[in-house]
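These notes concern the structure reproduced below.
In each ligand, atom 1 is the first atom listed, and ligand 1 is the first ligand listed.
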Amino acid sequence: MRFKNAILKRPAKSFVNGLTTQNLGKPEYELALKQHDEYINAFKNLGVKAIILEPDEKFPDSCFVEDTAIVTEKAAIITNPGTDTRKGEIHAIENVLKNFYSNLYHIKDPGTLEGGDVLRVDNKFYIGLSKRTNREGAEQLKQILEDLGYKVFFVQLKKYLHLKTGIAYLGNNTLLIAGELKENQAFIEYKKIFVPDEEEYVANSIMVNETLFIAKGFPKTKKRLEVEGYKLVELDMSEFRKIDGGLSCLSLRF
Ligand code: CIR
């Protein structure tokens, strides 16, 4: 699947107070902006149009746009984030997606769902059941996606924040996969590139038009991917990692 567009949102100053389960200290705002610039440039260098939304101080985590929508070639689905401080993020995203999609669906209460829990593998979607995505939200999304002609599977998470915390689809039936997902029967049919435990964070990578964006600083996985023949772009994600953000969270790609 080739992407033409990426929607991104600049981190607000309040970003440094984003939700986190990490113990890595507070992010540095200026450095986060620099890393965000590099992320944007990586898309532009591949000819993908970057649609960059203004920062919003009211929502510290709002640069993680992936959680607010699921975008496919057939429709977009606005999510209902599973934590109160993030629910209001959807309005800005809905406004911009209206320019691209005439058919917008919504996940509604009591269903909650975040895009970080949704992994697309060709015409299949895997939905993580997590602290943020409940079964009701997952069932709503399943219905919408099945009506659009996709196949849908659920994956129960144990400790990951989101499904895509530990998995990425690299194309050609191949998954980059870490930690609790390595042995999950849901993914038995795929070729797997295993991420060593100490490099778990790098599993959250994104394939953008035959180039794989990976987080910088994970030499074993980088080497393995190079040996497998992937074209890589390495991006420093240190400040986003401090508040549980990864490469996939920072954009909606379609
Ligand atoms: C949060 O806890 O919601 C943010 N601090 C991080 C969201 C990361 N999003 C993602 O993995 N898709």
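The aromatic rings of Tyr126 and Phe187 sit tilted, their planes meeting at an angle between 30° and 60°.
Residues Asp147 and Lys74 are not paired through a salt bridge, judged by the lack of any N-O separation under 4.0 Å between the basic side chain and the carboxylate. At a threshold of 4.0 Å, the pair Arg241-Asp236 does not count as salt-bridged, since none of the basic side-chain nitrogens sits closer than that to a carboxylate oxygen.
Within 4.0 Å of ligand 1, counting heavy atoms only, the contacting residues are Leu19, Asp61, Phe64, Glu66, Asp67, Arg86, Gly116, Arg132, His162, Ile243, Asp244, Cys249.
Remark: Lys124 fails to qualify as a cation-pi partner of Tyr169 under the 6.0 Å distance and 45° angle criteria applied to the six-membered ring.
By the side-chain contact (heavy atoms from CB on, under 4.5 Å) test, Pro27 is found to be paired with Phe15, Val16, Glu239, Lys242, Ile243, residues two or more places apart in sequence or in another chain being considered.
Proximity of a side-chain donor or acceptor of Asn209 to a complementary backbone N or O of Phe3 within less than 3.5 Å is detected.
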